[in-house]
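The structure appears right after this line, and notes come after that.
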Amino acid sequence: MSRILQLNATRRSLVTPMLFSALDSALQAHLVRTSRERLFDDGQIIQQRGDPADGFWLIEEGAVRVGQFLPDGEFRAVALLGAGDSYGELAVFSGKPRIVDAVSRGQSRVRLIAARPFLDALANYPASTRALLGALSEQLQDTLAILAGLRHGTNPARLAGLLSAMAGDSAEAAQITITQQELADLLGVTRATAHAALKELQKHALVERGYGAIRIPDPPMLGRYALSQA
């Protein structure tokens, strides 16, 4: 999956780094030219667990929720990806069926980069292969760090760590487009618990809540709070 990348130029998702953007620019352009564009409406399924890994997806517009459908039909998100993000590369490399479902969040425009042309073209770009290995290593390290943080501390601290990761490294204020239900899914708690944690962060002036969005006035301060409460 791709790097914690901006969604609507203001927020970031949970999973890190940008695998597609690690490729040589000429290879990126070639893959885009030879790919197939798809349009999806809100809630439409893009891929399902168990599908063959016939390629990976590049999000050009909109957003995609990645996760799994539970037995009762509820969708449990583990990542929210935006324009510029890519996902599904690991399934392509392993050659095994997909292990996650992906659903369009609002209208989205994505490209399917076919597996065989991608792997064949990659063989001609050794620097891109090395860059991908580095990006995959960083992805694993960052994901493990995030998951470790989500398992420890109070719910407000865990939420602060999650929002801090979404905000990225910038010291400037950030606005994250995300619903309370999506935050609850990512934390693995109920919506009421996520709401209570948000209220606690707001009490400390660490977040400002809006309709379908959360503003973070000072991301570094939020990160320090997460560490101090862990």
Side-chain angles (χ1 to χ4, degrees), residues 1-16 42-43 59 62-70 72-85 87 100-106 108 142-230:
M1 243 174 253
S2 71
R3 179 172 172 70
I4 298 179
L5 232 229
Q6 292 185 356
L7 172 59
N8 297 332
T10 57
R11 71 161 237 18
R12 297 176 180 240
S13 65
L14 175 62
V15 186
T16 61
D42 183 40
I59 305 171
V64 174
R65 297 190 302 156
V66 176
Q68 290 187 344
F69 282 102
L70 302 181
D72 62 3
E74 178 188 357
F75 183 80
R76 181 63 54 83
V78 298
L80 301 172
L81 307 178
D85 282 338
Y87 64 95
V100 295
D101 304 302
V103 178
S104 181
R105 185 181 189 270
S108 63
D142 287 354
T143 301
L144 290 175
I146 291 171
L147 290 176
L150 291 178
R151 291 175 179 170
H152 300 285
T154 63
N155 287 321
R158 294 169 61 223
L159 179 57
L162 175 62
L163 293 174
S164 177
M166 289 181 172
D169 300 327
S170 174
E172 298 180 357
Q175 180 161 306
I176 300 173
T177 305
I178 192 169
T179 66
Q180 288 189 29
Q181 184 59 60
E182 288 167 339
L183 281 176
D185 288 346
L186 293 175
L187 285 173
V189 299
T190 65
R191 182 174 177 176
T193 299
H195 176 75
L198 272 175
K199 285 184 65 176
E200 181 67 17
L201 296 183
Q202 189 173 29
K203 184 176 75 174
H204 293 283
L206 295 171
V207 301
E208 299 171 2
R209 291 182 294 169
Y211 181 74
I214 298 171
R215 184 175 183 273
I216 303 174
D218 189 334
M221 182 181 295
L222 183 66
R224 291 192 294 271
Y225 174 86
L227 291 174
S228 69
Q229 301 296 314

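Below, all heavy atoms of this structure are taken into account, side chains as well, without hydrogens, waters or symmetry copies.
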request  = Could you give me the CA-CA distance, side-chain angles and deciding distance for Tyr87 and Val100, then say whether side chain to side chain contact (heavy atoms under 4.5 Å, CB included) is met?
outcome  = CA-CA 10 Å; Tyr87 64 95; Val100 295; 5.6 Å; no

Whether over 12 other heavy atoms sit under 6.0 Å from Glu172 CD = no

ask   = Mind checking whether Leu201 and Tyr225 have side chains closer than 4.5 Å, heavy atoms only?
value = yes

Minimal non-hydrogen separation, Ala226 against Gly161, with atom names = CB-N, 3.5 Å

inquiry  = Measuring only between side-chain heavy atoms, which start at C-beta, is Glu182 closer than 4.5 Å to Leu187?
reply    = no

From CZ (Arg215) to CG (Leu163), nearest 0.5 Å = 14.0 Å

note = CD1 (Ile178) and CZ (Arg65) are apart, to the nearest 0.5 Å, by 10.5 Å

query = Do Leu198 and Leu159 come close enough that some side-chain heavy atom pair is under 4.5 Å?
reply = yes

task = Taking all non-hydrogen atoms of both residues into account, name the closest pair between Ser164 and Gly223 and its distance.
result = OG-CA, 3.5 Å

task = Find out whether His204 and Met221 are in side-chain contact, i.e. whether some heavy atom of one side chain is under 4.5 Å from a heavy atom of the other.
result = no

ask   = Can you find a pair of side-chain heavy atoms, one from Val189 and one from Asn155, that are under 4.5 Å apart?
value = yes

Under 3.5 Å: donor-acceptor pair, side chain of Asp101, backbone of Phe69 = yes

task = State, yes or no, whether a side-chain contact exists between Leu183 and Ile214 at a heavy-atom distance under 4.5 Å.
result = yes

inquiry  = To the closest 0.5 Å, what do you measure between NE2 (His195) and CZ (Arg191)?
reply    = 9.0 Å

task = With rounding to the nearest 0.5 Å, note down the distance linking CG in Leu206 to CD in Glu200.
result = 9.0 Å

request  = Could you tell me whether the side chain of Val207 reaches within less than 4.5 Å of the side chain of Ile176, counting heavy atoms only?
outcome  = no

key: Pairwise distance OG(Ser108) to CG(Leu81) - rounded to 0.5 angstrom   = 11.0 Å

Which atom of Asp218 lies closest to which atom of Pro220, heavy atoms considered = OD1-CD, 3.0 Å

key: Close side-chain approach of Asp185 and Phe75, heavy atoms under 4.5 Å   = no

